[in-house]
Amino acid sequence: MFDIAVFLSLISLGYFVGRYLEKRHYHSINTREQALIKVITTNTKRPLGTLGKVNKVELVTGNAVISVDYFKRVAAGLRKLFGGNLTTYETLVDRARREAILRLKESCQGATQIINLRIETSSISQGKSNQIGSVEVLAYATAIYADAPQAGKQATAE
Amino acid sequence: MKYQARLPEHNSNISHEHPLKEFALLLAGLAIIMAALYWALGLAVDYVVPMISPEKEQHWFKTMRIDKGASHWISQDNTISPYDSPIFESLRSCANIEVPLTLWQVDSDQPNAVALPGGDILLFSGLFDHAPSENGLAFILAHELAHFKHRDHLRSIGRGIVLMTVTGFISGDSAALASLLTPAGLATQAQYSQTLESAADALALEILNCHYGHVGGATEFFENMLKEQDSSAIAGIEQLNHYFSSHPETQARIDNIEQLRQQLGFDKGP
Amino acid sequence: MLITNTEEIPGKNITTCLGIVSGSTVRAKHAGKDIMAGFKNLVGGELTAYTELLGEARDQAMERLKDQATQIGANAIVNIRFSTSSVAAGASEIYIYGTAVIIEDAQ
């Protein structure tokens with residue numbers, strides 16, 4: 001009986017608090033993505049259009065470690081018995097990636113372009129019991145700070 | 001070349017189904033699979049157990065028998081001593097059990113009795129407070145003999161192993177799942193035991209009737225239990241727990257024994 | 001939807017760049033297949049259940065990638081990259097990202 005009580009309180013704590021935190025995180029991600037939408041970001045090697053005088057080129061990174069809650073872990077454990085999409089982990093990796101890219105963009109405000117973006121995912125704290133603790137995402141790219149070109153073609157952000 | 005970033009309106013990288021709905025569906029599916037597995041394997045146990053004769057059982061469980069010297073493996077805190085009952089041998093021959101059985105007394109406040117594989121019957125000393133008369137104790141002994149005769153002790157061990165295997169197999173290394181599944185399984189097992197208890201009561205009445213010619217005192221133990229429950233302040237908690245207990249609720253049990261007595265046409269005794 | 005892992009598409013001109021799009025999925029096979037794969041592991045060889053799982057996951061992630069690109073009005077995705085990681089034991093996690101663009105035929 002005691003086991004069940006502990007389990008139920010943990011799972012409802014995980015569900016309600018986890019859901020609230022996730023909602024808040026998604027809200028923050030959406031507003032920040034909207035705010036940073038004008039920053040030119042591609043994963044191609046060459047910069048877009050022509051650049052003026054290049055002042056600085058640097059490697060920029062952003063990372064995020066996001067963890068699952070108790071409810072998601074149990075739900076994923078159940079889903080693994082039956083097969084199919086582990087829906088509770090999908091939001092986890094989605095949030096982690098978007099957060100990492102946002103942090104990368106925020107770390108180089110004022111950059112003209114961010115090019116050659118690469119994203120790496122790894123799961124850390126994967127303990128003995130093979131239960132996932134959290135997922136880490138590293139985003140890295142090259143930021144170019146350049147003056148506007150003198151005349152002619154230019155990469156315009158609309 | 002223009003740069004014209006837009007954000008997708010709809011996030012297609014995640015599922016939009018309500019997580020609780022999915023969780024409930026999966027849990028229901030799991031419950032069905034588990035129930036089916038437990039049911040099928042339980043039937044297999046019921047099929048195999050009657051094939052094990054008492055002689056074979058005594059041979060197999062020889063190493064698990066309680067000796068005077070090795071009595072401590074069953075319980076660390078309680079001392080176990082041989083118990084001598086003048087009526088036991090006669091009850092045993094009434095039950096048509098040919099293998100020798102041994103009675104043991106365990107010092108414990110619990111009013112309980114257990115038949116172990118191999119031919120040991122444990123009487124917890126709390127019993128003697130609730131069944132002071134010879135007839136009262138005779139019913140308890142007859143009830144345990146009936147369990148032995150019906151091979152219920154083997155059944156419950158078999159089912160216990162099945163339950164552990166099924167939960168262990170399904171929950172794998174997830175401790176959380178195991179803590180959810182185990183009590184559910186125990187509840188199912190308790191329901192199953194209640195039917196066995198009832199059958200054991202019927203045979204116990206027959207044994208009593210064979211020995212005494214009447215079944216007087218059969219309900220003495222349960223009536224005393226009932227009195228204690230009524231006087232106990234935690235009676236409400238007892239009620240709540242009855243779903244998880246293997247013995248039918250006390251009053252229902254008394255009624256059931258009385259009904260069985262009438263069906264079998266035994267004398268109520270003095 | 002034209003999808004390539006090159007930066008430019010021969011015979012096409014990229015007129016507009018729409019930013020990064022991605023598709024991801026986390027999938028698992030049912031426990032029975034996991035157990036069979038465990039047995040197969042003793043003798044080695046191809047674990048067909050997992051090959052299938054990765055294929056399914058990749059297809060689904062690709063669908064999601066296309067869906068995201070369609071939503072923002074792209075008709076091609078260039079320079080796509082696949083990445084895979086093990087987020088949960090026995091589950092496959094596929095991530096595809098690329099740059100969404102609008103292309104037109106070169107003159």
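Throughout, protein chains are lettered first and strands after them, A, B, ... in sequence-line order, and every chain is numbered starting at 1. Computed from a predicted structure; not experimentally measured.
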Can you say whether A/I37 sits under 4.5 Å from chain C via the side chain, the backbone, both, or neither, judging by heavy atoms?
neither

Side chain proximity check, C/Y97 to A/N43, heavy atoms < 4.5 angstrom
yes

Between A/R97 and C/S22, is any pair of side-chain heavy atoms under 4.5 Å apart?
no

Within this structure, what is the CD1-CD1 distance for the pair C/I20 and A/I119, rounded to the nearest 0.5 Å?
6.5 Å

For the CD atom of C/E7 and the CG atom of A/N116, what is their distance to the nearest 0.5 Å?
7.0 Å

Option in C/E8, C/E56, C/R27 with maximal non-hydrogen atom pairs under 4.5 Å from chain A
C/R27

For A/R79, is it the side chain, the backbone, both, or neither that has a heavy atom closer than 4.5 Å to a heavy atom of chain C?
neither

Output for pair (C/R81 CZ, A/L117 CG), nearest 0.5 Å, gives 11.5 Å

Should we say atom CE of C/M36 is surrounded by more than 12 heavy atoms from elsewhere, each under 6.0 Å from it?
no

With respect to chain A, which residue among C/G19, C/A57, C/C17, C/G32 yields the maximal number of heavy-atom pairs within a distance under 4.5 Å?
C/C17

Using non-hydrogen atoms only, which part of C/Q60 is less than 4.5 Å away from chain A: side chain, backbone, both, or neither?
side chain

A/L81 versus C/H30, closest heavy-atom pair with distance:
O-CB, 3.2 Å

Does any backbone or side-chain atom of A/R46 lie under 4.5 Å from a heavy atom of chain C? Answer side chain, backbone, both or neither.
both

Hey, could you give me the OG1/CD1 distance between A/T42 and C/I14, rounded to the nearest 0.5 Å?
10.0 Å

Can you tell which of A/N85, A/T88, A/T41 has the highest number of heavy-atom pairs within less than 4.5 Å of chain C?
A/N85

With chain A as the partner, which of C/T25, C/L18, C/N79 has the greatest number of non-hydrogen pairs under 4.5 Å?
C/N79

Per-residue tally against chain A (heavy atom, under 4.5 Å) across C/T99, C/D34, C/L53, C/V26 peaks at C/V26

